[in-house]
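Here, residue 1 is the first one in the sequence, and each next residue gets the next number.
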Amino acid sequence: MAEVHIIGQIIGASGFPQHSLFCKWGVHTGGAWKLLSGVVEGQTQVDHPQNDDMAFWSHPIDMHFATKGLQGWPKLHLQVWHQDTFGRNELYGYSFLHIPSTPGTHSLLSPTWRPLGTWQEQICQMFVGGGPQLKSSSLIYGGSDRYRLQTVAMGQVHLQLTVILRNFERYGVECS
């Protein structure tokens, strides 16, 4: 079977309206993919930068997959959350990106968005916090339903991923 190693880190996030951020992440693959080692979901620590606009997490990612085909190439989905001084968590944005299919080290920026909600929900969010959230995380990375949502752009997540491909030539896929 062909193999893909994904090694890297979620560096941090920038451009969000508040500090004290953390990130929940996960990887989604198709049915022909099998996880050989590593974890496919996790959460970073909360970072509250004092003088910088960017929250730094330096959260490691290390996965090793085997596959029978290219269909269902891994996608990384992200959720950025804000934690206030009372320990309450508020969703700040969703994002997803396809893991690069070329071998090598890749510096990536993943823009985030959040559901807008009705004007009543927006006013409530301004005074009370919280806000609308997706019922299913599959809307983040798949399906045409995501394009029907009304959203607002938020900040961006910075990642560095190294992709190592093995045995793809045996299955007729050129790796350049």
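- L161 CG to H5 NE2: the interatomic distance, rounded to the nearest 0.5 Å, is 14.5 Å.
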Could you go through the side chain to side chain contact (heavy atoms under 4.5 Å, CB included) check for H59 and Q9 one step at a time? CA-CA 5 Å; H59 184 81; Q9 64 177 324; 5.9 Å; no
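- With a 4.5 Å cut-off on side-chain heavy atoms, E90 and D84 do not count as touching.
- Residue Q71 qualifies as open at atom CD: its count of foreign heavy atoms under 6.0 Å is 12 or below.
- Scanning both residues, L109 and H158, for their nearest heavy atoms gives CD2-ND1, 2.9 Å.
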May I have the step-by-step check of side chain to side chain contact (heavy atoms under 4.5 Å, CB included) for V163 and V4, ending in yes or no? CA-CA 7 Å; V163 177; V4 177; 4.2 Å; yes
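- Side-chain contact between F168 and T67: present, with at least one pair of heavy atoms (C-beta onward) separated by less than 4.5 Å.
- With rounding to the nearest 0.5 Å, the separation of NZ in K24 from CD1 in I10 is 13.0 Å.
- Taking all atoms of both residues into account, the shortest heavy-atom contact from W33 to G72 is NE1-O, 3.2 Å.
- Without hydrogens or angle criteria, S107 side chain to Q160 main chain gives no donor-acceptor distance under 3.5 Å.
- Using a 30° and 60° split on the angle between ring planes, H82 and Y92 fall in the parallel class, below 30°.
- Between the S95 side chain and the L78 main chain, no donor and acceptor come within less than 3.5 Å of each other.
- Annotation: the span from N167 atom CG to M1 atom CE amounts to 10.5 Å, rounded to 0.5 Å.
- Atom NE2 of H77 sits about 12.0 Å away from atom OG of S110, to the nearest 0.5 Å.
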With side chain to side chain contact (heavy atoms under 4.5 Å, CB included) as the criterion, how do L159 and L97 come out once you've worked through the C-alpha distance, each side chain's angles and the decisive distance to 0.1 Å? CA-CA 10 Å; L159 301 105; L97 60 105; 3.7 Å; yes
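- Taking hydrophobic clusters as Ile, Leu, Val, Met, Phe, Trp and Tyr residues chained together by side-chain heavy-atom distances below 4.5 Å, V39 does not share a cluster with I7.
- For the pair L21 and C23, the minimum side-chain heavy-atom distance is 4.5 Å or more.
- V157 and F56 fall into different hydrophobic clusters, defined by Ile, Leu, Val, Met, Phe, Trp and Tyr side-chain heavy atoms under 4.5 Å apart, directly or through other members.
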Before giving the answer on side chain to side chain contact (heavy atoms under 4.5 Å, CB included), spell out for M154 and F16 the whole-Å C-alpha distance, their side-chain angles and the decisive distance to 0.1 Å. CA-CA 6 Å; M154 295 300 280; F16 288 91; 3.8 Å; yes
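- With rounding to the nearest 0.5 angstrom, the CZ atom of F65 is 8.0 Å from the CD1 atom of I99.
- Ring planes of H19 and H48: perpendicular class, angle over 60° (limits at 30 and 60°).
- To the nearest 0.5 Å, atom CD of residue E41 and atom CE of residue M63 are 11.5 Å apart.
- A single hydrophobic cluster is seen to contain both L165 and L70, as judged by linkage of ILVMFWY side chains at heavy-atom distances under 4.5 Å, directly or through other members.
- Shown are W81, F22, W57; of these, the side-chain contact (heavy atoms from CB on, under 4.5 Å) with V46 is made only by F22.
- Hydrophobic clustering, with ILVMFWY side chains joined whenever heavy atoms are under 4.5 angstrom apart, keeps M54 apart from V80.
- Residues I11 and L76 fall into different hydrophobic clusters, defined by Ile, Leu, Val, Met, Phe, Trp and Tyr side chains chained together at heavy-atom separations under 4.5 Å.
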